[in-house]
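Beneath this line is the structure, given in structure tokens, with notes to follow.
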Amino acid sequence: MMYKLVLMTIACIFVGDAAYPQEDVPNLKDPTMIAAGHDLFLQKQCSRCHGEGGKGGINLTRRALDPRSVFQAIADGRMGSGLRMPASRDVLTDEEIWKATAYVMSISQQPK
Amino acid sequence: MGKLILAASLGLTCLLSTATVALAEAPGTEDPNNWPQYNRTSNAWRYSPLDQINKDNVSKLSVAWIAQGGDITMGIQETPLAIDGVIYSITSGNRVAALDAKTGQEVWNYQPKLDPLTKKVLFSPYSRGVAVGDGKVFIGTVDGRGIALDQKTGKEIWQVQLTDFANCHGCNFTSPPVVAGDMLTFGSTAGELATQGKIFGVEAKSGKKVWEFNTIKDDPKSWPGTSGKYGGGGAWMPGTYDAETNTVFYGTGNPGKDFINEDRQGDNLYTDSIVALDPKTGNLKWYRQEIKQDVWDYDSAYEVLLFKKDGKDLIVHMNKSGYVFVLDKNDGSIENIWPVSDLKNFVKDIDKRTGELIGRVELPMNQETLICPSTFGGRSWNAGAYNPNTGLWYNNVLDFCGYLKPVAQKDDPKDYGTGHIGASDFGRLVMAPDGRKPGRLDARDPFTGERKWTHEMDVPGFASVLTTGGGLVFNGDPTGILRAFDADTGKVLWSFNTGSGMRSGIISYAVAGEQYILVPSGWGSYAAILLPALFPQLEKMPAASTLIAFKLPK
């Protein structure tokens, strides 16, 4: 019984990690990456829904965010409160999505 | 014998008087028990003559039934129809349902399989209404199709692809078609899309496309160089069909890119205009442009009201700038122009006689300019309502502003999620500089703009207004509160918490001798995305897709 439970937990962690292995997350603190991410945030009109500095209608600055889930939100879109954010995988490369992620992380509440 | 003659003559009188009543039917009172089209009657007044629910008993209103619309994505935006005891409803993602108007029970439902691209495009899965005629229910879909269903069974009769959805930046239909005799007219979305917005004429019987009208005029004076290629425009709200002159009137959308006019130094016809079309041919009878070379996103897509006044046939039409144009229905010539609010700085004024924009404010590139009203407009697309008994037109007024900042942008009709707007957003919203309340419900004379009463609001209204023969006005707000007002004085007579914000159209109908008020509730759309920046009360507003029917207790 105990044995089974432990196994399941391990499986979950494995699935979670498999999508975006830790070592593939680039350095999101790199200022040039953050700046490039900000440009994308404006160009792709993330700002249309999130405001120029992320302080718009759907505020991104008051959240503690996890980089991999930010990547996924941008790539595949997100639903929340009945509102829809479109997927960007077709219009942004993985590299660009990481840049946007770096910018979003820079304006969000950093985990303590 | 004497008696018989009396009876006979009585019978005759009765017949005569019935005939007289039918002939002298006052405008707006036709088909009183039903709500058979988007704005109820072909004069687009949103007036229900029903008077069972009135000032004296409205406080006793209670819930008769509740129905759920299904998908809540971007909320419920429809104005349902009510015809002979059946409700025809459309909710997010074009889900159509027929409901028993007495119980709310579903009779049938239909949902088209939508192009997956609808998940990415700017205006989706908005569904603002259906149209009914010729035994069919008609919809325009968010992937650019027209579809006809059997009114009794909901079975599909025909469908036709009208817009080139994948190649027109996702231009589609968010509103129902207009039934114009045996034709249907469909207006496409376009203003924020890299495309040319069209109005389509389709045979109601067969679904055959007969004509299309391009809201972007092929004229280098109006659109220098290639500026018209992605000129936008379109007609994303239902037009008005006037059987008397066999004309369909549409208001059109804004030119693109919204905030940059550098390369489109012309009038940019037929954007921000009323166009009067022959529904058989699509031929343009006349047009009246209201906002020339728009850079403030002031679409003119709103409802076109018709009036007969002092022997004249008039149109009353508001555009997003908040200016109301009173026009001659026969040629579009200007009778009067008045603003719904004095909170406006995009121009000093609009000339009441010529329609000329006086002292327009241009938007320098890469720099914020404060513009009032905001890109939500002096009023949103949700319609006002006119009551012939009070002579008043009731409208939600938005009294806040936005900072607009144009930036260069590449044209890319395949980048579906990015607006062809020439900016990184629709403007940073701010309260009015003079500290006034951000919204109100106004009761005004539609021809002069003279105000009879006003009801100020902390969160402005974004739903369509209903007014009734019971001397009432119904209005819903984004926090979910539905209110009934005394149509003469503006006094609040009743209110009810619907549990989610309102962005749709309240209607009234009668079945089995009882009057109902039907209220769609479910917050959504870009308003739900953008407004929390200005109204933090809305940040946690739950979405929904609910129809709530009220009536008097027995």
Side-chain angles (χ1 to χ4, degrees), chain A residues 34-65 70-97 99-104 106-109, chain B residues 71-76 92-93 116-122 124-126 170 192 368 375 403 405 407-410 412 414-429 500-501 522-536 538-545:
Chain A
I34 293 173
H38 186 224
D39 288 348
L40 279 170
F41 195 83
L42 298 179
Q43 251 171 45
K44 291 294 158 200
Q45 294 171 6
C46 311
S47 37
R48 205 174 73 227
C49 300
H50 294 296
E52 187 164 332
K55 289 190 182 146
I58 300 178
N59 194 311
L60 293 176
T61 66
R62 295 199 300 258
R63 314 177 180 204
L65 293 170
V70 169
F71 182 101
Q72 196 157 23
I74 300 169
D76 301 330
R78 192 52 79 84
M79 281 287 302
S81 310
L83 303 175
R84 178 189 278 162
M85 162 171 157
S88 290
R89 217 186 263 289
D90 293 352
V91 284
L92 297 177
T93 61
D94 278 16
E95 205 186 325
E96 288 173 319
I97 296 176
K99 286 175 181 165
T101 302
Y103 173 67
V104 170
S106 78
I107 56 170
S108 76
Q109 277 176 8
Chain B
D71 187 359
I72 61 171
T73 307
M74 295 299 204
I76 186 167
S92 196
L117 197 56
T118 52
K119 290 209 162 66
K120 291 196 189 149
V121 303
L122 239 55
S124 174
Y126 298 4
E192 284 69 47
E368 280 196 330
T375 51
Y403 281 97
K405 183 177 167 187
V407 295
Q409 185 188 359
K410 280 206 300 274
D412 186 358
K414 294 278 179 191
D415 187 357
Y416 301 104
T418 305
H420 184 70
I421 61 180
S424 59
D425 56 36
F426 288 126
R428 181 165 63 84
L429 301 178
S500 181
W523 191 225
S525 83
Y526 269 100
I529 291 176
L530 302 181
L531 291 177
L534 207 53
F535 307 107
L538 299 178
E539 198 166 4
K540 298 275 184 275
M541 177 53 60
S545 181

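The chains referred to below are lettered A, B, ... by the order of the sequence lines, with proteins before strands, and numbering in each begins at 1.
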**OP:** Could you check which of B/P125, B/G419, B/P542, B/A544 has the highest count of heavy-atom pairs closer than 4.5 Å to chain A?
**Re:** B/G419

Subject >> Region of B/S92 that comes under 4.5 Å of a non-hydrogen atom in chain A >> reply: neither

Subject >> Heavy-atom side-chain contact between B/E539 and A/N59 under 4.5 Å >> reply: yes

Subject >> N-O pairing of B/E192 and A/R48 below 4.0 Å >> reply: no

Original post:
What part of B/K405 is in contact with chain A, defined as an atom under 4.5 angstrom from a non-hydrogen atom: side chain, backbone, both or neither?
Top reply: side chain

Subject >> Region of B/T118 that comes under 4.5 Å of a non-hydrogen atom in chain A >> reply: backbone

**OP:** Please determine, among B/G75, B/A543, B/S525, the option with the most heavy-atom pairs under 4.5 Å with chain A.
**Re:** B/A543

**OP:** Check whether any side-chain heavy atom of B/D415 lies under 4.5 Å from a side-chain heavy atom of B/H420, and answer yes or no.
**Re:** no

Original post:
Most heavy-atom pairs under 4.5 angstrom with chain B, which of A/H50, A/Q43, A/M79?
Top reply: A/M79

Original post:
Relative to chain A, which segment of B/Y416 carries a heavy atom at a distance below 4.5 Å: side chain, backbone, both, or neither?
Top reply: neither

Original post:
Under a 4.5 Å heavy-atom cutoff, which of A/L83, A/I58, A/D90 has the most pairs with chain B?
Top reply: A/L83

Original post:
Around A/K44, counting heavy atoms of other residues, nucleotides and ligands shown, do more than 12 lie under 6.0 Å from its NZ?
Top reply: yes

Subject >> Side chain, backbone, both or neither of B/A408 within contact of chain A (heavy atoms, under 4.5 Å) >> reply: neither

Original post:
Just how far is it from atom CZ of A/R84 to atom CD1 of B/I72, taken to the nearest 0.5 Å?
Top reply: 11.5 Å

Original post:
How close do A/I74 and A/T101 get, heavy atom to heavy atom, and via which atoms?
Top reply: CD1-OG1, 3.8 Å

Original post:
In terms of heavy-atom proximity below 4.5 Å to chain A, should B/P536 be classed as side chain, backbone, both, or neither?
Top reply: neither

**OP:** Under 4.5 Å, counting heavy-atom pairs only, tell me which of B/V407, B/D71, B/L122 racks up the most with chain A.
**Re:** B/L122

Subject >> Value rounded to 0.5 Å, distance of NE2 in A/H38 from CG in A/L40 >> reply: 10.5 Å

Original post:
Hey, are the side chains of B/K120 and A/V91 touching, using non-hydrogen atoms and a 4.5 Å cut-off?
Top reply: no

